[in-house]
2 protein chains.
Amino acid sequence: MRSTMNVNTAKRHAVVESPYGPLTLVATDGVLSGLYMTGQRHRPADESFGERVAAEEAPFPEVVRQLAAYFAGELTAFDLPLRLEGTDFQRSVWDQLVRIPYGDTWSYGELAARLGKPNASRAVGLANGKNPVGIIVPCHRVIGASGGMTGYGGGVDRKVRLLAFEAGDRD
Amino acid sequence: MRSTMNVNTAKRHAVVESPYGPLTLVATDGVLSGLYMTGQRHRPADESFGERVAAEEAPFPEVVRQLAAYFAGELTAFDLPLRLEGTDFQRSVWDQLVRIPYGDTWSYGELAARLGKPNASRAVGLANGKNPVGIIVPCHRVIGASGGMTGYGGGVDRKVRLLAFEAGDRD
DNA sequence: CGACGGCTGGCGGTTTTCCGACATCAAGCC
DNA sequence: GGCTTGATGTCGGAAAACCGCCAGCCGTCG
């Protein structure tokens with residue numbers, strides 16, 4: 001065990017309600033760096049989210065505002081500063097995710113091809129699963145080449161609901 | 001490769017002359033964290049030493065002063081703040097090193113015994129070799145149980161000279 | 001005898017390597 | 001339609017390798 005550690009990045013988090021259950025919002029140095037659902041795979045330990053604060057503290061109000069508009073079907077493109085921490089490859093994948101239009105879907109292979117690595121579809125799946133900011137970075141818009149849901153950190157059922165909602169199903 | 005890295009610890013270094021050749025002094029956050037000789041084993045890459053500054057900048061003058069006194073035979077115990085970064089075990093070993101009196105020597109096994117791990121003598125040798133602050137943290141005062149020099153990051157010849165000097169040989 | 005040299009086996013922390021597991025997909029072959 | 005194979009990046013854990021050691025055992029040689 002190393003005895004010196006990295007305590008320089010100031011993290012804080014808040015928890016808000018949503019149609020998909022409680023969402024944990026994490027901010028690093030005042031910029032949104034995480035959005036996690038309950039029971040989500042690869043969700044970091046709660047201790048790593050820093051101090052819990054009220055959702056009224058910056059930068060959370062603006063995040064909550066846009067999320068509410070999205071869930072109301074009135075917002076189709078988030079406009080928020082993000083702090084995405086990961087490997088170069090992961091960041092390149094996440095950068096592509098935000099280019100997938102609302103209501104549309106890509107396959108893992110398509111996304112891999114856009115990166116110039118047509119064979120990296122499997123690696124794309126992995127990086128997708130590590131997306132730290134669910135919903136806002138729309139990893140749910142990536143599905144199997146033959147239309148299968150194949151997987152979702154927050155559970156495939158949530159993925160189905162998100163896609164159906166974006167497709168216009170309002171039941 | 002990770003794309004976010006640790007740039008929080010401000011490192012700087014200076015190079016000074018000595019009877020044992022040039023010494024590279026490294027400071028982390030204004031505290032001495034390294035002293036390396038030329039050709040030393042396990043010496044980190046020079047890039048990791050940060051910007052090179054004049055030996056007149058803090059905290060180096062005090063370090064140089066005490067080193068000069070040591071090489072003149074007038075100082076037998078350094079009194080400097082140190083920043084020793086390593087594993088728990090390594091730090092426990094280095095903590096013992098500074099307790100070896102000037103002119104004295106311990107065996108690797110003796111040092112291991114002081115840690116309550118009488119069988120860890122070999123691991124002590126390893127940790128000894130990783131000592132980041134040569135001379136001031138006197139890893140040269142540890143020798144084989146049967147008196148052999150067995151090894152030294154800066155070369156066994158330097159170890160022999162250091163020990164002879166501390167024993168009072170002034171030729 | 002005793003001192004000394006060389007071999008051997010076991011010791012323990014750290015580093016390196018390796019392997020499997022995955023939110024895939026196309027091609028090739030039944 | 002099914003089933004196998006290979007390419008891909010990351011992570012976690014297992015295993016092995018690396019050593020600034022040391023005690024015990026056995027020779028050899030004065």
Side-chain angles (χ1 to χ4, degrees), chain A residues 1-3 40-42 44 85-94 97 105-132 134 138-160 162-163, chain B residues 1-3 40-42 86-94 97 105-113 115-131 134 138-160 162-163:
Chain A
M1 186 206 318
R2 301 232 116 221
S3 42
Q40 178 169 348
R41 265 160 63 98
H42 299 121
E85 303 186 354
T87 66
D88 291 347
F89 180 80
Q90 286 168 343
R91 288 163 56 98
S92 73
V93 169
W94 302 334
L97 289 180
T105 58
W106 291 0
S107 76
Y108 297 91
E110 279 180 81
L111 202 158
R114 299 240 180 177
L115 297 176
K117 308 189 178 184
N119 290 327
S121 50
R122 193 159 188 178
V124 166
L126 255 212
N128 225 11
K130 301 267 175 60
N131 171 25
C139 58
H140 57 276
R141 291 179 195 152
V142 184
I143 63 180
S146 16
M149 289 296 111
T150 66
Y152 188 61
V156 174
D157 47 345
R158 286 206 185 98
K159 185 174 186 175
V160 173
L162 282 163
L163 289 178
Chain B
M1 185 205 314
R2 304 229 114 221
S3 43
Q40 177 169 350
R41 264 160 67 93
H42 299 119
T87 65
D88 291 347
F89 180 79
Q90 286 167 343
R91 287 163 55 97
S92 73
V93 169
W94 302 334
L97 289 181
T105 60
W106 291 1
S107 76
Y108 297 90
E110 279 179 81
L111 203 159
L115 297 175
K117 308 189 179 184
N119 290 327
S121 51
R122 200 159 185 178
V124 166
L126 259 208
N128 226 11
K130 301 265 176 61
N131 171 25
C139 57
H140 58 276
R141 293 182 194 150
V142 185
I143 63 180
S146 16
M149 288 298 109
T150 66
Y152 187 61
V156 174
D157 46 346
R158 286 208 185 96
K159 184 174 186 176
V160 173
L162 282 164
L163 289 178

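Within every chain, numbering begins at 1; the chains are lettered A, B, ... in the order of the sequence lines, protein sequences first and strands thereafter. Just so you know, these numbers use all the heavy atoms, side chains as well, and skip hydrogens, waters and symmetry mates. None of the values given here were measured: they were computed from a predicted structure.
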Peer 1: Within this structure, what is the NZ-CZ distance for the pair Lys130(B) and Arg41(B), rounded to the nearest 0.5 Å?
Peer 2: 9.5 Å
Peer 1: For Glu85(A) and dC11(D), give me the distance from atom CD to atom P, rounded to whole Å.
Peer 2: 13 Å
Peer 1: Could you go over nucleotides 19-21 of chain D and give all protein N or O partners under 3.5 Å, atom names and distances?
Peer 2:
from	atom 1	to	atom 2	distance (Å)
dC19(D)	N3	Arg122(B)	NE	3.4
dG20(D)	OP2	Arg41(B)	NH2	2.3
dG20(D)	O4'	Thr150(B)	O	3.3
dG20(D)	O6	Gly153(B)	N	3.3
dG20(D)	N2	Tyr108(B)	OH	2.9
dG20(D)	N2	Asn128(B)	ND2	2.7
dG20(D)	N2	Cys139(B)	O	3.1
dG20(D)	N2	Val142(B)	O	3.4
dG20(D)	N3	Tyr108(B)	OH	2.5
dG20(D)	N3	Gly151(B)	O	3.4
dC21(D)	N4	Arg122(B)	NH1	3.2

Peer 1: For DNA chain D, report each stem as range with range, ordered by first number, or say none. Use Watson-Crick or G-U wobble pairs under 3.5 Å, at least 3 in a row.
Peer 2: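 Looking at DNA chain D, the stems formed by three or more consecutive pairs are C:1-10 with D:21-30, C:12-22 with D:9-19, C:24-30 with D:1-7.
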Peer 1: When rounded to the nearest 0.5 angstrom, what distance separates CG in Leu115(A) from CD in Glu110(A)?
Peer 2: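 One gets 12.0 Å once the value is rounded to the nearest 0.5 Å.
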Peer 1: Can you find a heavy atom in the side chain of Lys159(A) that is under 4.5 Å from one in the side chain of Thr150(A)?
Peer 2: yes
Peer 1: How long is the line joining CZ of Phe89(B) and P of dC11(C), in whole Å?
Peer 2: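 Computing the Phe89(B):CZ to dC11(C):P distance gives 16 Å.
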Peer 1: Would Lys117(B) and Val124(B) satisfy side-chain contact (heavy atoms from CB on, under 4.5 Å), going step by step from the backbone distance to the final call?
Peer 2: CA-CA 10 Å; Lys117(B) 308 189 179 184; Val124(B) 166; over 6 Å; no
Peer 1: If you round to the nearest 0.5 Å, how far is CD1 of Ile143(B) from OH of Tyr152(B)?
Peer 2: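 Taking OH in Tyr152(B) and CD1 in Ile143(B), the distance rounds to 13.5 Å.
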Peer 1: Decide yes or no on side-chain contact (heavy atoms from CB on, under 4.5 Å) for Leu126(B) and Arg122(B), but give the supporting numbers first.
Peer 2: CA-CA 7 Å; Leu126(B) 259 208; Arg122(B) 200 159 185 178; over 6 Å; no
Peer 1: Tell me: CG of Leu115(A) to P of dT24(C), nearest whole Å?
Peer 2: 16 Å
Peer 1: Return the CG to CZ distance between Leu163(B) and Arg158(B), rounded to the nearest 0.5 Å.
Peer 2: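 Here the rounded value is 14.0 Å.
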Peer 1: Would you mind reading off the distance between Lys117(B) atom NZ and dG13(C) atom C1', rounded to a whole angstrom?
Peer 2: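 Atom-to-atom, Lys117(B) to dG13(C), this comes out as 8 Å.
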Peer 1: If I take atom CG in residue Asn119(B) and atom P in nucleotide dG10(C), what distance separates them, rounded to the nearest angstrom?
Peer 2: 13 Å
Peer 1: So do Leu97(B) and Leu111(B) actually touch side chain to side chain, heavy atoms under 4.5 Å?
Peer 2: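 Yes, their side chains come closer than 4.5 Å.
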Peer 1: For the pair made of CG in Leu162(A) and P in dA23(C), what is the distance, rounded to whole Å?
Peer 2: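 Atom CG in Leu162(A) sits about 18 Å away from atom P in dA23(C).
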